[in-house]
Every structure is written in C-alpha cells, then in structure tokens.
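Structure, as structure tokens:
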Protein chains: 2
Amino acid sequence: MHIEILCTGDEILTGKTVNTNYSYMARRFGEVGLTVARGTTVGDDRASLADAFRQASGRAGAVVVNGGLGPTVDDLSQEIAAEVAGVKLELNEDWLQRIQNYYSSRGREMPPNNRKQAMLPAGSEIIENPIGTACGFALNIDGTRFFFTPGVPREMKRMIDEQIVPRLLDLSGVNIVTRLKRFHTFGIGESRADLLLHGIVQNLAGGSVKLGFQSHYPQLETKLAVQGSSERELQQRLSPIEDQVRQRLGNFIVAEDDQTLEQRIIDVLRSSGGSISTIEMFTGGSIAARLLQLTEAEGLIKRGIVSRELNQLMDAAGVETGQNVELSCATAIALARGLRRKSGSSHALAVLVSLDEDQAEASGGNIITAIADRDHAKCRRARLLGGRHWVRLGAVELGLDCLRRYLFGLPVEERIDFEQPMD
Amino acid sequence: MHIEILCTGDEILTGKTVNTNYSYMARRFGEVGLTVARGTTVGDDRASLADAFRQASGRAGAVVVNGGLGPTVDDLSQEIAAEVAGVKLELNEDWLQRIQNYYSSRGREMPPNNRKQAMLPAGSEIIENPIGTACGFALNIDGTRFFFTPGVPREMKRMIDEQIVPRLLDLSGVNIVTRLKRFHTFGIGESRADLLLHGIVQNLAGGSVKLGFQSHYPQLETKLAVQGSSERELQQRLSPIEDQVRQRLGNFIVAEDDQTLEQRIIDVLRSSGGSISTIEMFTGGSIAARLLQLTEAEGLIKRGIVSRELNQLMDAAGVETGQNVELSCATAIALARGLRRKSGSSHALAVLVSLDEDQAEASGGNIITAIADRDHAKCRRARLLGGRHWVRLGAVELGLDCLRRYLFGLPVEERIDFEQPMD
C-alpha cells in the first residue's frame with residue numbers, strides 16, 4: 001500500500017524547526033513493515049493544503065497528516081479536510097466536553113479559541129488523543145483514507161503507536177515483515193564496498209533484498225533491507241547474505257546495527273576486566289570523549305592526556321625525555337607503556353600525529369598509533385591526506401580501530417583505502 | 001516566485017536520517033527574502049523521482065533538488081532529470097577530470113563508479129562544487145528551473161550559499177540586499193532573550209528589521225535579518241539595533257556571526273601571550289577538543305587531562321592526595337594550580353562534576369569550575385538538570401564560558417537561566 005506523510009506548519013516549511021515528527025513516523029511505519037512512498041511539507045495556507053490533499057488522494061492508499069489541529073487561526077486541517085472531502089464541519093459535543101474537562105482538571109477555563117478543535121468534518125471517525133485537546137480523526141477523500149494527527153510530538157507519538165499503526169496495518173491487508181540489517185566499516189570507501197559486494201544481492205536472494213550504502217566519513221554503513229511474509233522467511237533470506245557480507249567485508253567491519261565501534265571496545269574491556277588510558281597528540285581529546293560518552297565506560301577509561309607537544313606528553317606519561325625526542329614508534333610505545341603504569345590501566349593507546357609543513361587543502365599527516373598492554377606492544381604507521389580536519393577525523397577512527405583490532409586479536413597493520421605510503 | 005525543495009534519498013524518506021538539509025536550505029532562502037512554498041521527500045526510486053519532478057514542474061517557478069548525485073546505484077538524480085527533461089546524459093570531460101584530480105591529490109585512483117558523477121543531462125548549466133565529486137547542475141523542465149545539489153551537508157551548504165541563492169535571487173527578480181547579523185549567547189533561554197529584546201525592532205527601525213531566535217542548547221542564536229536597497233541603507237538600519245542588542249544581552253554574548261566562543265578564547269590568549277591547560281572530570285576531553293579544533297590553538301593549549309576519577313586527576317596534576325579528596329572549590333583550584341605549574345601554561349581550567357546518584361531522566365549534576373593564573377584563582381559552582389547528556393553539554397559550555405569571562409575581566413559568577421540552587 002502506498003502511504004504518504006503530509007506535514008503542515010509554517011515553522012517546518014520555513015526550516016525554523018527541523019522536521020523530527022516526520023522521521024519518527026516514517027521510522028515507526030518502516031519498523032512494522034509499512035513503506036512510506038513520499039513525504040510532503042506545506043505551510044499554514046489554505047490553497048497549498050487543499051492542493052496537497054487532492055494530489056495525495058490521487059496517488060496514495062493512505063495519507064497521514066500531521067499538524068494543523070490546534071486552536072489558532074493558523075490551524076487549518078479540519079477546515080480544509082472538510083472542504084476537500086465535500087462535507088460540512090460539525091460540532092462534536094463529546095470532544096467539546098473533553099476539552100472543557102482538560103482545562104477544568106487543571107483549574108482553568110477553556111479559552112474560547114479551543115472550541116474550534118471540536119469542529120470536525122461530518123462523518124469522520126474520531127481517533128483518541130488521551131493527552132491533549134487536538135482531536136485525531138480519519139475520513140476518506142476520493143477513496144484514500146486520510147488520518148489526521150496532532151503536531152505536538154508527545155501527542156503524535158502516542159497516537160501513531162496506539163491508533164494509527166494498527167489502522168494502517170489493517171487497511172494494508174498486507175502481512176509483511178521487514179528488517180534492516182546494517183554493517184559499519186572503517187577503512188574502505190563506498191565505491192570499494194560496492195565493488196566487494198558486487199552481485200551479492202542478485203546471486204543469493206533473487207532480488208527480495210535491497211543493498212544500499214550510507215557514507216559517514218570515516219565510517220561507511222552498508223545496509224540490507226529485507227522483506228518477507230514471516231519472520232522465518234526474513235531470516236532465511238537474510239542469513240546467507242549476512243554471512244557473505246561478513247566474509248567479504250572481513251576485518252573492516254567495526255560494528256553491526258545499533259552497536260558502535262566504541263561500544264565494542266568497552267564491551268571487550270569490561271568482559272576481560274581490562275581498562276584503557278589514552279595519549280592524544282592531535283585528536284585533541286576526541287578519542288577519550290568518544291569512549292567516555294558511554295555510561296558503561298565509567299571506570300574503564302582510567303586517564304586521558306592531550307597535548308600538541310611531545311615533551312608535555314612525555315612528562316604526563318612519566319617518561320624520561322632524552323636529547324632528541326622524535327616522532328617514532330619507539331616514542332609512541334614508550335608513552336603508552338608509561339601512561340599504562342602511571343594510571344594503572346591494563347592497556348594504553350597512543351596516537352601521535354605530525355602534520356605536513358605545507359598546510360594546503362589536501363595536505364596530510366603521518367599518524368603513529370601504538371598500543372601497549374602488560375606484556376606486549378604494537379605500533380602502526382599510516383599517512384592520511386585530505387586537509388587538517390579530514391586527517392583529524394581519520395586519526396581518531398584509526399586509533400579506535402587499531403585498539404579494536406588489538407583487543408580482538410585481528411591484524412592491526414591491515415591497510416585501509418584512505419592511507420598513503422609513509423614519507 | 002514559488003520555490004519548492006525536493007529531497008531525495010531512502011535514508012530521509014524512511015526517517016533513518018532526520019532531514020536537516022531541508023531546514024538549512026529553507027532557512028537560508030527565508031533569510032534572503034525567498035519563500036519556500038512546499039517541501040517534498042521521495043526515495044531512491046525512479047518512478048517516484050520522475051513523478052515528483054513532473055508534478056513540481058507543473059507548480060513551481062524554481063525547484064531545488066537535494067541528493068542523488070553520488071556514485072552508487074542508489075543515485076538517480078542525473079538520470080531522471082535527463083529523462084524528464086527529454087534529453088540524453090552526456091559525459092562532461094571537465095568534470096571527469098575534476099573527479100580524477102580530487103582522487104589523485106589524495107594519492108588515490110578514481111574508483112570506476114565515480115565516472116557516473118560526470119554523466120550530466122545535455123544542455124545543463126554546471127554549478128560549481130569545489131569540495132566534492134558530486135556535480136551541481138541546473139536545467140529547465142517544462143519552463144521550471146531545476147537546481148541539483150549534493151546531499152553531503154558540507155557540500156550542500158556551500159553550494160546553496162555561493163551558487164544557488166544568487167541564482168534564485170536573480171531568477172526571482174528581487175533587487176534587494178540583505179544581511180543577517182547573529183549574536184550567540186550562553187546562559188539565557190529563548191523566552192528571556194525575547195523579553196530582554198522586547199520592542200527593539202519596532203522602536204528603532206520601523207519594521208524593516210526582522211528579529212528571530214534559534215535555540216541550539218546550550219547556546220542561543222539571536223538573528224537580525226535586515227533588507228534594504230543598498231549596503232549603506234542596510235548599515236544605517238542595522239547599527240543602532242546592533243548596539244541595543246549588545247547592551248541588552250550584555251555579558252551573555254559569547255560571539256557574533258561566524259565567530260565562536262572558543263575562537264574568542266584563543267584570540268585573547270594569543271594576543272596576551274598566554275596559554276591554557278585543562279582538567280576534565282566528566283566532559284571527557286570535549287573541552288580540550290573544542291579548543292584544539294582551531295589551527296590557531298597550536299601552542300596555546302599546553303596540556304589536557306581527562307579522568308572520571310579524582311585521584312587520577314590529582315596524580316596527573318602533580319597534587320598530593322590527602323586522606324579524603326572531596327569535590328570542592330579547594331580541590332578544583334588545587335588541580336588548576338597544579339597542572340598550571342606542571343605544564344607551564346599561564347592559565348588552567350578545571351571542570352569537576354558529580355552526578356546525582358539517582359540517574360533519572362531529568363537528573364542533575366553539580367559542576368565546579370575553577371580557573372587559575374599565576375597570581376589568582378576563581379571558582380564557580382553551578383547545578384544543572386536535564387539528564388546526563390544535557391548536563392555534559394552544559395558543563396562544557398559553562399567551563400568555556402567561565403574561562404572567557406575570566407580572560408575578558410567579566411563576572412564569572414553571573415547566574416545563568418539553566419542553573420538550579422546548589423544542593
């Protein structure tokens with residue numbers, strides 16, 4: 001069934017407010033197997049709204065309208081719905097009473113404006129809103145079922161979950177289930193992943209699985225969207241493809257679905273009783289901040305030190321400074337070992353960076369990443385291009401990814417797409 | 001002129017990604033006096049996209065399309081634009097060369113997929129994208145001018161500002177100049193700013209200046225949008241109002257226009273020959289990272305230390321730990337003084353946080369901010385509510401703002417709207 005979402009409101013149209021209601025509704029529908037085919041946004045304007053209703057009724061099986069159910073002059077949904085449906089507005093006495101109760105239970109009197117909220121198109125089905133004065137309703141316009149929902153996020157969410165989703169599922173008569181499987185990788189670009197996974201969908205699932213990519217440098221998200229008539233069928237379709245993806249993308253996969261790279265690092269540290277300290281020379285504290293965002297990281301991140309100057313880091317890590325402290329694996333490992341001892345953590349990660357002198361737009365940086373635990377240490381050198389900001393983002397992800405690989409026993413030196421030969 | 005914005009992409013349609021590109025574009029257009037009449041969102045689907053193009057061309061004077069210019073199978077904008085316009089796709093040799101250069105300057109070879117990005121509808125006007133491989137272009141479809149822009153936010157924003165807005169203004173025949181003056185504040189909410197600035201626009205400029213607010217917790221942006229027939233007229237209208245705003249918002253103003261709070265801190269440190277070290281107990285390295293983002297911060301941020309444990313911070317700051325180390329101004333000042341000495345910086349900032357035991361949804365944290373220089377020290381206690389994430393954001397901003405006030409000789413203790421009485 002072709003479903004459309006129509007959002008009305010000047011603040012959304014003008015961009016003053018970001019349209020988070022739309023994303024909520026679309027996501028929710030997707031989760032229960034209902035596909036949204038189009039989203040439309042119009043302002044508090046009679047002509048635009050009427051046009052939008054008419055055009056949607058020409059295309060869609062069901063339309064969910066959000067907004068325009070309030071008590072002010074800008075709220076037009078009931079009026080325009082009635083106009084386009086060719087019916088009159090009628091006072092719904094029950095709803096009027098409901099609004100009056102809403103105010104009296106708060107020790108107030110209903111402002112006269114709110115009466116408007118009880119004027120509904122004749123023949124509408126009333127849709128329950130237990131937590132506000134906007135009345136949800138549904139009616140047919142040219143054979144398309146229109147559902148009208150309140151713009152207030154809290155009221156919308158509840159109505160969508162409790163009232164709209166069941167009605168849409170009923171209307172669609174389609175008994176499908178869907179799932180979205182996601183793989184997050186670091187180190188390969190979108191074009192390479194596309195190449196690596198070439199043919200995977202056609203070969204294995206006869207087209208009922210859709211492959212897509214979403215790039216968020218430095219990570220890439222690979223998505224498999226499956227549809228089926230039962231959970232079991234979903235699983236049957238998805239399993240072989242998931243396996244193929246894991247095989248082809250290999251060690252580049254940092255996390256799946258809602259997991260994150262830092263979550264996986266925290267999880268393995270917690271389960272092994274480990275902890276980490278960090279040394280950051282260019283990433284400015286971003287690596288520590290990423291890890292410390294997680295509530296479960298409490299107690300697992302012992303200490304982080306940040307400085308652009310090697311001498312400062314040596315002092316902070318309790319390492320004796322020799323004559324010429326140079327940027328090298330030896331230095332990085334010494335820093336990691338030093339901070340590990342000083343802070344008492346089981347592991348330490350050092351990410352040192354030297355930027356090219358010539359800071360042109362696509363200039364680069366040499367990154368030295370070292371990890372030390374009680375008995376061992378590993379160091380990885382990489383060179384990234386793309387300008388200061390790009391290099392910083394890459395260095396953060398590279399540091400965290402090397403740590404992940406180290407903790408999971410995967411090769412730390414595996415080359416990534418973005419790196420250049422070291423100078 | 002009737003302008004529409006058409007966003008294409010499954011991740012937007014399904015609600016996976018919130019449509020912030022739309023708000024940016026609509027807001028930007030509104031700021032220069034161009035009204036958006038409708039927003040539409042469709043997925044990576046040939047039929048939907050073609051329908052949307054055709055329907056918009058029936059209604060609009062100009063359409064701005066966003067997304068679908070990437071190198072993968074999901075990217076369809078060029079193909080469908082050509083189809084609906086009734087022209088062929090042609091290889092643009094210049095753009096192909098541009099893409100190849102983009103990769104070679106990063107020491108890589110252009111992946112074969114990207115060639116697709118140089119296939120443009122015959123007769124298109126090329127629209128410059130200096131920072132990506134997606135080629136912006138414009139062409140007429142049934143008498144409506146369509147502008148195609150990249151979905152990557154950074155690329156979209158630049159193209160909108162530098163290329164699309166001038167073209168739209170030109171097309172709309174609007175002969176005005178506009179300016180947007182912005183004030184960024186920390187510590188007052190939108191309602192309070194609205195109150196403080198009440199009447200400012202009516203009193204001083206006869207209505208040709210529009211006042212607006214945009215909330216980005218923890219900061220608030222106050223915007224003055226001026227229109228005029230010449231730059232001189234703009235300036236005449238704006239100056240007295242700017243002065244009034246500075247007077248009324250006072251010390252809460254942290255930066256203006258494209259300046260940032262951290263930029264101002266860096267600027268004053270540099271001009272005074274100073275430097276800073278940071279101690280972060282809950283903000284995880286975010287304060288150091290904010291400062292170190294700026295190229296000019298090199299050499300000015302001496303050292304940052306990060307830990308959830310007070311003992312770790314004491315050790316890192318070279319402060320003797322007594323029996324019971326407690327969270328207090330005395331401890332915060334001792335940490336700031338200690339790290340200042342150890343790192344050799346002229347100033348040090350310590351931000352200590354203790355979260356409420358009961359981590360409910362709107363729980364709070366007590367924040368102790370201390371700043372020390374060679375001769376003096378100041379400490380500021382504050383309590384914020386709103387849950388862990390909100391408290392963290394507030395603590396970062398509060399720390400940086402206290403530092404700004406200290407360095408500029410403004411009162412550090414000035415109460416902000418968000419704070420509660422300390423426990």
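Everything numeric in this text was worked out from a predicted model, so none of it was measured. Labels below follow one simple rule: chain letters A, B, ... track the order of the sequence lines, proteins then strands, and each chain is numbered from 1.
Counting all heavy atoms, side chain and backbone alike, B/Asp315 lies closest to A/Lys342 at OD2-NZ, 3.2 Å. When all heavy atoms are compared, the tightest approach of B/Val18 to A/Asn19 is CG1-O, 4.4 Å. Counting all heavy atoms, side chain and backbone alike, B/Ala289 lies closest to A/Gly285 at CB-C, 4.3 Å. Nearest heavy-atom pair, B/Gly107 versus A/Leu385, reported as atom, atom and distance to 0.1 Å: N-CD1, 3.6 Å.
Of the atoms belonging to A/Ala52, heavy atoms from both backbone and side chain fall under 4.5 Å from chain B. Residue contact with chain A, scored on non-hydrogen atoms closer than 4.5 Å, involves the backbone of B/Phe213 exclusively. Residue A/Ser277 does not touch chain B at all, counting heavy-atom pairs closer than 4.5 Å. In this structure, the portion of B/Arg392 lying under 4.5 Å from any heavy atom of chain A is its side chain and not its backbone. Within the 4.5 angstrom heavy-atom criterion, only side-chain atoms of B/Asp74, from C-beta onward, approach chain A. Of the two parts of A/Arg38, the backbone and the side chain both hold a non-hydrogen atom closer than 4.5 Å to a non-hydrogen atom of chain B. For a residue to count as touching a neighbouring chain, one of its non-hydrogen atoms must lie under 4.5 Å from one of that chain's; by this rule A/Leu384 does not touch chain B. Neither the backbone nor the side chain of A/Glu11 comes within contact range of chain B, judged by heavy atoms closer than 4.5 Å. When heavy atoms are compared at a cutoff of 4.5 Å, B/Ile12 approaches chain A solely by way of its backbone atoms N, CA, C and O. Proximity to chain B is limited to the side chain of A/Lys223, based on heavy atoms less than 4.5 angstrom apart. Both the backbone and the side chain of B/Ser343 have a heavy atom closer than 4.5 Å to some heavy atom of chain A. For A/Gln312, the parts lying near chain B are the backbone and the side chain together; criterion is any non-hydrogen pair under 4.5 Å. Only the side chain of B/Arg59 comes within contact range of chain A, with heavy atoms under 4.5 Å apart. At a 4.5 Å heavy-atom cutoff, the contact between A/Ala316 and chain B is made by backbone and side-chain atoms alike. Within the 4.5 angstrom heavy-atom criterion, only side-chain atoms of A/Gln55, from C-beta onward, approach chain B. Residue A/Asp51 touches chain B through both its backbone and its side chain, counting heavy-atom pairs closer than 4.5 Å.
Each of B/Arg27, B/His389, B/Glu280 has some count of heavy-atom pairs under 4.5 Å with chain A, and the biggest count is that of B/Arg27. Of the residues considered (A/Glu298, A/Arg192, A/Lys16), A/Glu298 shows the highest number of contacts with chain B, using heavy-atom pairs under 4.5 Å. Ranked by heavy-atom pairs under 4.5 Å with chain A, the first of B/Gly284, B/Pro111, B/Gly9 is B/Gly284. Contact count versus chain B (heavy atoms, under 4.5 Å) is highest, among A/Arg28, A/Glu4, A/Arg182, for A/Arg182. When each of B/Ile287, B/Leu6, B/Thr40, B/Val73 is checked for heavy-atom pairs under 4.5 Å with chain A, B/Thr40 comes out on top. Most heavy-atom pairs under 4.5 Å with chain A, from the set B/Leu313, B/Ile305, B/Asp45, B/Asn311: that is B/Ile305. Heavy-atom pairs under 4.5 Å with chain B peak, among A/Arg290, A/Met25, A/Glu221, at A/Glu221. Ranking B/Gly344, B/Ser105, B/Gly30, B/Ala297 against chain A, the residue ahead of the rest is B/Ser105, based on heavy-atom pairs under 4.5 Å.
The distance from atom OG of A/Ser363 to atom CZ of B/Arg106, rounded to the nearest 0.5 Å, is 10.0 Å. In this structure, the separation between CG on A/Leu300 and CZ on B/Arg308 is 12.0 Å, given to the nearest 0.5 Å. Summarising the geometry, atom CZ belonging to B/Arg108 is positioned 5.5 Å from atom CG belonging to A/Asp417; distances are rounded to the nearest 0.5 Å. The CE atom of B/Met281 sits 11.5 Å away from the CG atom of A/Leu292 when rounded to the nearest 0.5 Å. Rounding to the nearest 0.5 Å gives a distance of 9.5 Å between CZ of A/Arg303 and CD of B/Glu309.
In the model, B/Asn113 has a side-chain atom that pairs as donor or acceptor with a side-chain atom of A/Asp194 under 3.5 Å.
Under the 4.5 Å side-chain criterion, counting only non-hydrogen atoms from C-beta, B/Ser23 is not in contact with A/Thr17.
The main-chain N or O of B/Lys302 is found under 3.5 Å from a side-chain atom of A/Ser307 such that the two form a donor-acceptor pair. The closest donor-acceptor contact from the side chain of B/Tyr24 to the backbone of A/Gly15 lies at 3.5 Å or more, if one exists at all. With hydrogens and angles ignored, the 3.5 Å screen pairs a side-chain donor or acceptor of A/Tyr22 with a backbone N or O of B/Leu13.
Heavy-atom neighbours of B/His216 NE2 from other residues, nucleotides or ligands within 6.0 Å: above the threshold of 12. Residue B/Arg54 places its CZ atom among more than 12 non-hydrogen atoms of other residues, nucleotides or ligands, all under 6.0 Å distant.
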